[in-house]
Amino acid sequence: MKTFFGGMFMNKENLRKEGILYPIKLEYYKIKDLKSKNDIFGIEVVKTAYINEEIKVEKASIDKLTNDEKIENSILDILKRNEVTPVILEDVIEDLIKC
């Protein structure tokens, strides 16, 4: 089961510094494995880029990340606060797990 956690448009000033002149929306989702006997949680990040008349969507998810919903929420807060995109999701999660 996937539920919406939060979303936002990336900071325009930061995008301009990177040479990106179009809006990008990020959405963060909680994933719960309903097939498992135990609670197992994951996350999904969706990036939508509005380039002129074209819309490009990228997604990345990590299933079976934790069995603690509070940890899942904490990770999603960090991802959202730092505008983490699908491309770097796995690297960021690896770094968070090391900490």
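Model, not experiment: these values are computed from the prediction.
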Would the number of heavy atoms belonging to other residues, nucleotides or ligands and lying under 6.0 Å from CG of D95 be above 12? yes
Check whether any side-chain heavy atom of P86 sits under 4.5 Å from a side-chain heavy atom of K59, and report yes or no. no
Side-chain heavy-atom pair E58, T85 within 4.5 angstrom cut-off: no
Is any side-chain heavy atom of I20 closer than 4.5 Å to one of R16? no
Do the side chains of L26 and M10 get nearer than 4.5 Å, heavy atoms only? yes
Kindly indicate, with the supporting measurements, whether the criterion side-chain contact (heavy atoms from CB on, under 4.5 Å) is fulfilled by L65 and I75. CA-CA 10 Å; L65 180 62; I75 291 170; 3.7 Å; yes
Does CD in E18 sit with more than 12 non-hydrogen atoms of other residues, nucleotides or ligands closer than 6.0 Å? no
Does any part of the side chain of Y50, heavy atoms only, come nearer than 4.5 Å to the side chain of K25, both counted from C-beta? yes
Compute both the distance and the angle, then confirm whether K2 meets the cation-pi test with Y29: under 6.0 Å from the six-membered ring centre, within 45 degrees of the axis. yes
Hey, are E13 and K17 close enough for a salt bridge, meaning a charged N less than 4.0 Å from a carboxylate O? yes
Which of I31, I43, V45, V46 passes side-chain contact (heavy atoms from CB on, under 4.5 Å) with S61? It is I31
Does D68 reach the main-chain N or O of K70 with its side chain, forming a donor-acceptor pair under 3.5 Å? yes
Take D77 and F5 through the side-chain contact (heavy atoms from CB on, under 4.5 Å) test and state the conclusion after the steps. CA-CA 9 Å; D77 278 332; F5 179 81; 3.3 Å; yes
Between T48 and I24, is there a side-chain heavy-atom distance shorter than 4.5 Å? no
So K30 and N73, do their side chains get closer than 4.5 Å, heavy atoms only? yes
Salt bridge E27-K47, side-chain N to carboxylate O under 4.0 Å: no
